[in-house]
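To start, the structure itself, in structure tokens.
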Amino acid sequence: MEMRAVLKKYFGYDSFRPLQEEIISKILEKRDVVVLMPTGGGKSLCYQIPALMMPGTAIVISPLISLMKDQVEGLLVNGVKAAALNSMNDDAENIRVRLACQRGELDLLYISPERLMVEIPYLLQHMQISLFAVDEAHCISHWGHDFRPEYAQLGQLRETFPDVPIVALTATADKLTREDIQKLLSLKDPAVFVSSFDRPNLSLEVRRGLQKREKDRAILELIARHRDGCGIIYCMSKKTTEKVAEMLVGHGVTALPYHAGLGTEERERTQDDFIHDRVQVVCATVAFGMGIDKSNVRFVIHYNLPKSIESFYQEIGRAGRDGLPSETVLFYSLADIVQLSNFARESGQQEVNLEKLKRMQEYAESDVCRRRILLNYFSEYAEHDCGNCDVCQHPPQRFDGTVLAQKALSAIARADEQVSARTVIDILRGTYSPEIHKGRYDTLKTFGVGRDVPPHDWQDYLMQMLQNGLFEIAYDEGNHLKLTQTGKQVLFHSKKVVLAVVRKEEMPPKAKREVRKVKSPVLFADSQQPVLLSDERKDLFEALKALRRRLADEQGFPPYIVMSDKVLHQLCESCPTTVEEFGCISGIGDFKKERYGKDFVEVIRKFV
Ligand code: ADP
Ligand code: ZN
């Protein structure tokens, strides 16, 4: 069978995404291949299709058992013969899988790297191997943050199996890692494919200087826009995850905290509830997400600033893997910067970590298209503004902020540079706080000169002034603010300062969504925007979701494995009333058509 036919038969798709076809051809020629694609880009098909076309079994090396499970289940529901060998299996299962391998019954075998090493002299010698796919290949490199010692031994593969093609796949882009992968896997003149790291279906938004109450409100509004969609809220501390989850539960949202302080069992249960759509929101520390392949995460919120752009991009990358529009919001405040700087300075690698934080901060404070900054960070150059970030949608307006800046700088100077940002705001606003009393700052000439500007706006202006280099924060001196040369020029010589008008929030959420709908571009030709559903269609969607859940429960699979949200949307739009029509939907292969067609068509018929 030709590769397009395989794509249609097993996966139900009509066309390949960019690079997939080229990659598959190279593998079929038995070349070694390196594939760099962002999460959700479609890496798996690149080796799954050759696995279906070449004689023998493809061995897929994957570091995480949960990912293997996901992949294997996803293949089984498409009628592909796949299995996994790992420490989760019981003996009976292991015997069954090994036998199937020896008989050549499997198209794909997923295996952990440590298990692979053990099996090289045994099982692997007694089976026909079509290819090796090394998933998350960056784990072999010391450069990234995910180095795994078990991966280091994979270099043996090339030596032991000189004629079997090796496919290395990763979503981690940098050049050093890429070179390490080629070298450490001993790849022979590999064909290297690098696809764009852009994820245009993710909207990008930064909200700065919000107080706790404002953050809560913003989160509730966002969740209200995603009535049926689930999401992740990343928080800096364990305590915050619990507080945010509690707040959400108080407002009738199903939410759970997730952090390293919870027991293994509780964490696994939470993860499982999330994967199976039993809980809508997980409020988590960065510990959450590794190994979660859930394709229908509709939003990712950062309650606090992440420590680097890499972490940020990886975390928001967990939204919208199915290519449907998904929302990401980053909250950030001066307090976050202070705290993260302290963490960075206490870390072993303070220079690197402070630099990373600085880049993150620049992203958050930027007033050029945020996607451009992200892509640029990953050495990609974007030709156009994206139209799907807050800067593109509400370009900042500017004004001459010299006098405003002078007021703040003067307050800092008159307080002998012995005050934190918070106290500066108290001085400007003429607010009596314990620090004000202690330092007798109420006697300063600047006390109360900024009463007309709300505290939130002062926060914002101070942040902009920090970004413009008018003062620095002395982290080793109680986070006091210190004027820089530029700051002094502004204060004493009226050097001009241009500031951005603080964005007044709250376009009504609905209008906002309309803007998105028109403007947001699509990731792939195959990921068309869902049409907004009428009420009647919404009922159909609900009914299809219920059916999907029932079928998933029967098989013990997560709902998104049985059918993606995207397929459900398409079903609502085209309403197939025969099994044949059902089979024409993108994402429905022959196996799913036979297995689920009748049930779905039956439900749809009731609505049309
Ligand atoms: P990755 O491993 O790169 O994170 P996946 O292989 O999981 O990405 O693919 C992401 C999603 O895109 C999956 O839902 C997959 O079925 C879908 N997909 C991949 N290739 C195509 C294609 N050619 N047409 C339509 N959908 C595709
Ligand atoms: Zn933009």
Side-chain angles (χ1 to χ4, degrees), residues 3-4 6-8 10-21 23-24 35-49 60 62 64 67-68 70-71 73-75 77-78 80 133 135-137 167 169-172 193 195-206 291-297 314 317-324 328 363 366-376 382-396 515-516 519-528 560-567 570 585-589 592:
M3 59 174 115
R4 258 166 211 274
V6 176
L7 178 72
K8 184 71 191 159
Y10 287 97
F11 301 97
Y13 299 136
D14 295 314
S15 58
F16 283 105
R17 285 184 182 165
L19 298 185
Q20 283 179 329
E21 212 162 1
I23 294 168
I24 294 169
V35 177
L36 286 102
M37 260 188 205
T39 311
K43 285 187 285 300
S44 326
L45 282 190
C46 297
Y47 61 81
Q48 287 168 348
I49 289 189
V60 186
S62 174
L64 291 165
L67 288 187
M68 282 188 213
D70 231 69
Q71 292 270 343
E73 288 173 350
L75 288 166
V77 294
N78 279 325
V80 178
D135 208 2
E136 313 287 346
V167 188
L169 308 108
T170 175
T172 298
F193 295 91
S195 82
S196 167
F197 272 69
D198 195 7
R199 302 280 310 278
N201 63 318
L202 305 186
S203 72
L204 304 168
E205 182 175 10
V206 176
I292 292 193
D293 233 354
K294 188 174 169 61
S295 65
N296 59 344
V297 175
Q314 188 175 42
R318 294 184 178 126
R321 287 187 184 213
D322 51 13
L324 292 181
T328 81
Y363 167 82
S366 164
D367 45 28
V368 303
C369 169
R370 296 196 200 280
R371 202 171 310 270
R372 281 184 175 232
I373 303 184
L374 285 180
L375 292 177
N376 196 287
E383 284 189 6
H384 304 286
D385 283 356
C386 76
N388 197 20
C389 75
D390 57 334
V391 178
C392 283
Q393 298 198 336
H394 318 278
V515 174
R516 285 228 165 88
K519 279 204 176 169
S520 71
V522 285
L523 179 48
F524 299 111
D526 58 64
S527 57
Q528 68 280 65
Y560 65 87
I561 293 273
V562 168
M563 212 147 281
S564 68
D565 282 13
K566 197 152 86 183
V567 171
Q570 291 178 63
I585 299 282
S586 168
I588 302 289
K592 280 188 181 165

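Numbering of ligands and ligand atoms starts at 1, following listing order. Side chains are part of it too, since the values below use all heavy atoms of this structure and drop only hydrogens, waters and symmetry mates.
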Looking at R199 and G317, would you say the former's side chain and the latter's main chain have a donor-acceptor pair under 3.5 Å? yes

Between M37 and ligand 1, which part of the residue brings a heavy atom under 4.0 Å of the ligand: side chain, backbone, both or neither? neither

May I ask whether L45 has any heavy atom positioned less than 4.0 angstrom from an atom of ligand 1? yes

Below 4.0 Å from any atom of ligand 1, is there a heavy atom belonging to G40? yes

Between S586 and ligand 1, find which residue part has any heavy-atom pair under 4.0 Å and reply side chain, backbone, both or neither. neither

Is the shortest distance from a heavy atom of S15 to ligand 1 less than 4.0 Å? yes

Distance col, row C46:SG vs E21:CD, nearest 0.5 angstrom, shows 11.0 Å

The atoms of ligand 1 lying under 4.0 Å from a heavy atom of F16, numbered in the order shown, are 23 (N)

Donor-acceptor check, side chain of R17 to backbone of G41, threshold 3.5 angstrom: yes or no? yes

G587 near ligand 1 by a heavy-atom separation under 4.0 Å: no

Using a heavy-atom cut-off of under 4.0 Å, does the side chain or the backbone of A171 touch ligand 1, or both, or neither? neither

Please determine whether a side-chain nitrogen of the Lys or Arg among E205 and R370 lies less than 4.0 Å from a carboxylate oxygen of the Asp or Glu. no

For Q393 and G387, indicate whether the former's side chain and the latter's backbone hold a donor-acceptor pair under 3.5 Å. yes

Against ligand 1, does S564 come closer than 4.0 Å with any heavy atom? no

Note: Y13, heavy atoms under 4.0 Å from ligand 1, region reported as side chain

Can you tell me the angle formed at the Zn ion (ligand 2) by SG of C386 and SG of C389, to 10°? 110°

